[in-house]
Protein chains: 2
Amino acid sequence: MLKLTKKADYGLMALKFLAEHPETPAFSAKDLADAYGIPAQLLAKILQRLTKTGLLRSHAGMNGGYALAREARTISAYEVIHSIDGPFFITSCTKGAKSCELTPNCTIKEPLARVNETIAGVLKSISIQDLAEHEPAAAKPAEAHKLVALTP
Amino acid sequence: MLKLTKKADYGLMALKFLAEHPETPAFSAKDLADAYGIPAQLLAKILQRLTKTGLLRSHAGMNGGYALAREARTISAYEVIHSIDGPFFITSCTKGAKSCELTPNCTIKEPLARVNETIAGVLKSISIQDLAEHEPAAAKPAEAHKLVALTP
DNA sequence: CTAAACGCGGACCTAACCAGTCGGATATTC
DNA sequence: GAATATCCGACTGGTTAGGTCCGCGTTTAG
């Protein structure tokens, strides 16, 4: 179906919320969960993952919580999704040294991998800041065809 | 995880195979399944779907089978995937009249919808013929930034 | 005309995976 | 030391993808 998980959605929402409130030093998982009606414990685990991957900074104890580790402008949607859902690939053939297990000539995989990179490129070009601003100005046309061109 | 289903993969493989053998009038589901080591009955159902959506032409009886309904150049990967997996959306919020059920301001959905359209555009720009040719020349740079530009 | 080869299509099963929960441990502040 | 946090593994329940089975309609070869 080509859709990303709710966890990734939640993660993006939370980061977007943090980007919209830069003055506040930290938000607890519960604060963020309440803001969007997300199950608190679930969001907590997501935020923990984002902390482990270096996108968030956490602080335990009272008045603790989470804050962006970097500037919102420098955090891409790709990083968030990748942190939560792991590496994604369009091709269901799991990549790596072993190509398609049984299928000998899965030549379909190759052009689809280009598509995959294109999507990744688009996602990388979108920052959390872009999400926070309602007017989404992203993906400069200058590098657009570099992203989309399938012939290197 | 953002990956398309095996069924869609199988469908693309089958269409690619048909595009590579335009001289042969028809291939049975079993022929195509054997060519790639795909479960025959499963591929059969996929091909039936593609027939219903008008991408393939079927012929029952002996020496029957499937053939492309149109020229390979005019069949896009998007159509194939859409036929098999149905409409896909990046956002896990199921679209439609009802927006995000509980979440009041899921502003994240809007820019992600742009990404969704971008992906769809890339997929639409790739034809079965492109898959069949090993050297994949797709997505003319001319319309590239039209696809990627998130600000209309 | 009959049987083999084929497409058609519903019902069904199963294994994986996502979403969400529970419970406990550790850290920090007051 | 009590309240408020993060941290983290384990467990469960529901959905869906992947795959199978079986019976039916159609066509063609012999």
Side-chain angles (χ1 to χ4, degrees), chain A residues 1-11 13-14 18 24-34 36-53 55-67 69 81 84-86 88 91-94 101-103, chain B residues 1-11 13-14 18 24-34 36-53 55-67 69 81 84-86 88-89 91-94 100-103:
Chain A
M1 275 282 198
L2 198 57
K3 74 176 176 219
L4 46 82
T5 62
K6 274 188 185 173
K7 292 182 187 177
D9 270 355
Y10 294 162
M13 288 189 223
L18 291 174
T24 312
F27 284 97
S28 75
K30 190 172 185 307
D31 289 339
L32 296 168
D34 290 349
Y36 291 102
I38 300 172
Q41 307 206 56
L42 179 57
L43 182 61
K45 287 210 302 188
I46 296 167
L47 297 174
Q48 286 162 27
R49 272 202 92 85
L50 293 175
T51 303
K52 271 184 74 175
T53 54
L55 299 181
L56 290 179
R57 308 245 302 151
S58 66
H59 187 51
M62 280 186 64
N63 298 328
Y66 296 92
I81 296 170
I84 297 172
D85 287 344
F88 63 82
T91 55
S92 38
C93 338
T94 49
E101 309 100 24
L102 289 171
T103 53
Chain B
M1 275 284 197
L2 200 56
K3 75 173 176 220
L4 47 82
T5 62
K6 274 187 185 174
K7 292 182 186 177
D9 269 356
Y10 294 163
M13 287 190 221
L18 290 174
T24 312
F27 283 97
S28 74
K30 189 171 185 309
D31 289 339
L32 296 168
D34 289 350
Y36 291 103
I38 299 173
Q41 307 207 54
L42 178 57
L43 181 60
K45 289 213 299 192
I46 295 167
L47 297 173
Q48 287 164 27
R49 272 203 91 87
L50 294 174
T51 303
K52 272 184 72 176
T53 54
L55 298 181
L56 289 179
R57 308 246 304 151
S58 66
H59 187 51
M62 281 186 64
N63 298 328
Y66 297 91
I81 296 170
I84 297 172
D85 287 344
F88 62 81
F89 294 95
T91 55
S92 40
C93 337
T94 50
C100 287
E101 311 100 23
L102 290 170
T103 52

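Note: hydrogens, waters and symmetry copies are ignored here, and every other heavy atom, side chains too, is used. Within every chain, numbering begins at 1; the chains are lettered A, B, ... in the order of the sequence lines, protein sequences first and strands thereafter.
- Taking atom CG on B/Leu43 and atom C1' on C/dC8, their separation rounds to 14 Å, with Å as the unit.
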Under-3.5 Å N/O pairs linking protein and nucleotides 13-17 of chain C:
none

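- Atom-to-atom distance recorded for B/Leu47:CG and B/Leu18:CG is 8.0 Å, nearest 0.5 angstrom.
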What string of B, S and - do you get for nucleotides 3-8 of chain D, 5' to 3', if B is base contact, S is sugar-phosphate-only contact and - is no contact with any protein heavy atom under 4.0 Å?
-BSSBB

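- Note that CZ of B/Arg57 and CG of B/Leu50 are 14.5 Å apart. Values are rounded to the nearest 0.5 Å.
- Per the geometry, CG belonging to A/Asp85 stands 12 Å off C1' belonging to C/dA19, to the nearest Å.
- With sequence neighbours left out, the side-chain contact (heavy atoms from CB on, under 4.5 Å) criterion links A/Ala8 to A/Leu4, A/Thr5, A/Ile81, A/Asp85.
- Computed from coordinates, the A/Arg57 CZ to C/dA27 P distance equals 17 Å when rounded to whole Å.
- In terms of heavy-atom proximity, A/Gly11 sits nearest to A/Ile46 at CA-CG2, 4.0 Å.
- Remark: C1' of D/dG13 and CG of A/Leu42 are 14 Å apart, rounded to the nearest angstrom.
- Between the C1' atom of C/dT21 and the CD1 atom of A/Ile46 lies a distance of 14 Å, rounded to the nearest Å.
- Scanning all heavy atoms of the two residues, the minimum distance from A/Met13 to A/Ile38 falls at SD-CD1, 4.4 Å.
- When the P atom of C/dA19 is taken as reference, atom CG of A/Asp9 falls 9 Å away, rounded to whole Å.
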Side-chain polar contacts of residues 59-67 of chain B - donor-acceptor pairs under 3.5 angstrom, sequence neighbours left out - could you list them?
none

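- For the pair A/Lys7 NZ and C/dT21 P, the computed distance is 12 Å after rounding to whole Å.
- When the side-chain contact (heavy atoms from CB on, under 4.5 Å) test is applied to A/Lys52, no partner is found at least two apart in sequence or on another chain.
- Checked against side-chain contact (heavy atoms from CB on, under 4.5 Å), B/Asp34 has the following partners two or more places apart in sequence or in another chain: B/Lys30.
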